[in-house]
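Here the structure is laid out as C-alpha cells; the discussion comes afterwards.
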Amino acid sequence: MKKILIVEDELNMVNGLKDNLEFEGYEVDTAMEGNSGLQKILQSRYDLILLDIMLPEVSGFDICKAARREGVNTPIILLTAKGEEIDKVLGLEFGADDYITKPFSLRELLARIKAILRRASTVKDENAEPEFVRVGNLKVNFRNYMALEAGKEIKMSHKEFGILHYLYMNAGKIIQRDDLMSDVWGIEYDISTRTVDNFILKLRQKIEVDPNNPKIIITVHGIGYKMILS
Ligand code: CA
C-alpha cells in the first residue's frame, strides 16, 4: 500500500484529504505543523508527501529544502494558496516535484498523485539494483532506507543510512573523518569530528553484535574508520 504524508495545519483540510486518500486505498499519515512534519519525513518512509507552504514554526519551503539536503528523495507536492505564484517557482527550485493551488478539486489532486507515483516507480525500475545487501546482521535496502534484522525493521535516520552507505561503498578502505564530513554532510556543513564519531557510535549500536567490540565498523586510530564486510 502506498503511504502518503500530509503536512498541513488546517484541520478540515487534513481530515478531508485523509478520508479521501484512505478511501482511494492509500495509507495516510499526518502532521499539523512544520517541525513534526520534518521529523516524520526524516524518520519514516513515504511514497509521497503533500506539503502545505504556510505552516506554523517551519515553512513548507524550509521543510522541502531540509528534506532534500538530508537525502530524502520522496516526491513532494506543494499545496499553495491562491496568489502565491512566486512561491510555486521557489518551491520547485527547492526540490518539490509539483504544486497544486488551493482550492483544488479532489479529482485533480488524485490525478497528480497518481502521475507522480507512476513516474517514481518507473525511475525505480530503471535503476534496478539488488534490493537488499548484507551489512553484518542487517539486511539493508539503501534506496528505500530500510534496514532489517531477522525480518524486524531497525529504525535509522537518513543521515545514518548515508554514512552506512558511504562506508559500505568503500568497504575495506580506511575512511578519514574528513572524507565522511565532506562526502556525507557536504562542505557547507560546519560539523565537528565529534559529530561524526557520535553517528558512528549510534550506527554500531544498530549493526554490531557487541557495539563495544565492533567488528564491522572498526576504528583506525588517529585516522578514522574502516568497514569490514565478511
Ligand atoms: Ca496553511
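Just so it is clear, the model here is predicted, and its values are computed rather than measured. Keep in mind that the numbers below use all heavy atoms, side chains included, and drop hydrogens, waters and symmetry copies. For ligands, and for the atoms within them, numbers begin at 1 and follow the listed sequence. Numbers here simply count residues along the sequence, with the first being 1.
Aromatic ring orientation, Y168 versus F142: tilted (interplanar angle from 30° to 60°).
Less than 6.0 angstrom separates the ring centroid of W185 from the ring centroid of F199.
Between E153 and R45 there is a salt bridge, with a side-chain nitrogen of the basic residue lying less than 4.0 Å from a carboxylate oxygen of the acidic one. Checked for salt-bridge contact, E27 and K2 miss the test: no charged N lies under 4.0 Å from a carboxylate O.
Excluding water, every protein N/O/S atom under 3.0 Å from the Ca ion (ligand 1) is given here by residue and atom: D9 OD1, D52 OD2, M54 O.
Atom NZ of K40 is surrounded by more than 12 heavy atoms from other residues, nucleotides or ligands within 6.0 Å.
Across E160, K159, K155, a single residue satisfies side-chain hydrogen bond (donor to acceptor under 3.5 Å, both in side chains) together with S157, and that is E160.
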